[in-house]
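Reading through the structure tokens given below for one structure.
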Amino acid sequence: LRVELMAFPHTPQRPRGAGLGLSVLSIQVPDLQAARDELAALGIRALGPIVEMFGTRMFFIADPDGQPVELVEYLPGSTAWGGEHTR
């Protein structure tokens, strides 16, 4: 288990969205496309495409309360988490 605290001081203000007030819950998966395919087979729709940034690939779904949930795959050799994910 890891807790990541992030601050983005230059993001625009926006109205509070659905959910419980968390910014994001992130779940690491070993194969992002397989996770996306499995969720789609269960009728769970992704909120957008898979995006790649900062040494990760990710996409979001929403839980039944509307809370965003991030599924993330750390790319081999990336510097995400200080280079910890070098497989």
Side-chain angles (χ1 to χ4, degrees):
L1 176 68
R2 183 186 304 257
V3 175
E4 176 181 320
L5 301 176
M6 300 169 67
F8 299 102
H10 303 292
T11 56
Q13 293 294 320
R14 61 187 168 125
R16 186 175 184 276
L20 304 175
L22 300 172
S23 177
V24 67
L25 174 64
S26 182
I27 300 172
Q28 180 182 350
V29 296
D31 183 335
L32 194 68
Q33 187 62 56
R36 187 178 172 102
D37 293 345
E38 185 174 341
L39 290 167
L42 294 170
I44 299 171
R45 180 179 64 83
L47 300 177
I50 291 175
V51 296
E52 187 173 318
M53 59 191 304
F54 306 118
T56 66
R57 296 176 67 228
M58 66 188 83
F59 72 92
F60 288 84
I61 60 171
D63 76 5
D65 293 316
Q67 176 66 44
V69 177
E70 173 190 44
L71 284 90
V72 61
E73 176 185 0
Y74 292 94
L75 300 174
S78 76
T79 57
W81 293 109
E84 200 172 293
H85 297 278
T86 55
R87 287 191 212 143

Residue pair S26 / V72: nearest heavy atoms and the distance that separates them: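 Of all heavy-atom pairs spanning S26 and V72, the closest is OG-CG1, 3.4 Å.
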Specify the closest pair of heavy atoms between L47 and A62, including all atoms of both residues, with the distance to one decimal.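 Closest pair (atom of L47, atom of A62, distance): CD1-N, 4.0 Å.
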Do the side chains of [Y] and [X] get nearer than 4.5 Å, heavy atoms only?
X: F59; Y: L32; result: yes
X: E52; Y: M58; result: no
X: E70; Y: I27; result: no
X: T56; Y: L75; result: no

Quick check for you: to the nearest 0.5 Å, what is the distance between [X] atom [atom1] and [Y] atom [atom2]?
X: R57; Y: Q33; atom1: CZ; atom2: CD; result: 6.5 Å
X: R36; Y: I44; atom1: CZ; atom2: CD1; result: 12.5 Å
X: D31; Y: E38; atom1: CG; atom2: CD; result: 10.5 Å

